[in-house]
Amino acid sequence: MLNKRDIYTALIEVVRFYKRLDFDVLPSIPFELTAVRPHPEAAQPRLMHPVQATVVASQPKDPISPSQAAPQVIVKASKLDSNRQDLLQDIRDEIGQCTRCKLHTGRKNIVFGEGAPYARLMFIGEGPGADEDIQGRPFVGRAGKLLTSLINKMGFERQAVYIANIVKCRPPGNRDPEEDEMKGCIGFLEKQIAVINPEIIVTLGSVSTRILLKTDKRISDLRGHFHEYRGIKVMPTFHPSYLLRNSSQKWTTWNDALMVLKELGLQPLE
Ligand code: URA
């Protein structure tokens, strides 16, 4: 049985832990405090990812927001069998200069997706924004920087995961993709997932979660639990654009990220 002093000490430890991570807002739900307890070995600097490990020493401060420090990347992209790369290229070739839906009229570039063909972890957003449309790459704008930072702070190089979207062309004015647009495009994502065959998919926001899991439930009800897509575990979490507007939800997102790492047999970076 904990006495008052023990509880106080434990609380201080938790607050210190989050302070080190540079959270600017305390979580509003007390549950999150207990759910994301500091790892018992949190004090010792350690190599978190036993697999494919390369340590670049530096001290990440914030598990989500970009920091000045160079990312402490543990899981690096590696050159592996080119077979899956070829299969992905086949899918890209099949898309061609797509005119299957109305989104093609306003797009500058098709945003196919990028990352490691053998990624253990895949992130899926809804559709490209303005920056992605210009560069032809997923998640490279403000929200993308936040996502990249989250990926790095989970211990992965961005190139070591795979990032894609439900639709591959930018919906005008950053509106949500419409049903016909998603219906026309989802087949390509399904093929990408089949080739990459990740251990875990993280769906970012309600659109990709709804489409992949074929559900109408709210993201806030779905996040924090594993679901399943064709035998692959799916962790829904908040979209990074939402996190830019609702910084307190970084806590919950980090919580989801910790669950993903645990499922992969990895631990978060200190
Ligand atoms: N938002 C998304 O859902 N996808 C992107 O690629 C960029 C922003």
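In each ligand, atom 1 is the first atom listed, and ligand 1 is the first ligand listed.
Inspection of the Thr209 and Thr203 side chains reveals an N or O donor paired with an N or O acceptor under 3.5 Å. Counted by atom type alone, Asp93 and Gln89 present one or more donor-acceptor pairs between their side chains at under 3.5 Å.
The closest approach between any non-hydrogen atom of His239 and ligand 1 is below 4.0 Å. Within the 4.0 Å heavy-atom shell around ligand 1 one finds Gly127.
Taking 4.0 Å as the cut-off between side-chain N and carboxylate O, Glu263 and Lys233 count as a salt-bridged pair.
Scanning all protein heavy atoms for the shortest distance to atom 8 (C) of ligand 1 gives Phe139 CE2, 3.7 Å. The nearest heavy-atom contact from the protein to atom 4 (N) of ligand 1 is Asn165 OD1, 2.8 Å.
Those atoms of ligand 1 with a heavy atom of Glu126 less than 4.0 angstrom away are 2 (C), 3 (O). Every atom of ligand 1 is numbered from 1 in the order shown, and the set under 4.0 Å from a heavy atom of Gly125 is 3 (O).
Counting only residues at least two apart or in different chains, ring-ring contact (aromatic ring centres under 6.0 Å, His included) contacts with residues 122-153 comprise Phe139-His239.
Using a 4.5 Å cut-off on side-chain heavy atoms (C-beta onward), Pro128 and Asn165 make contact.
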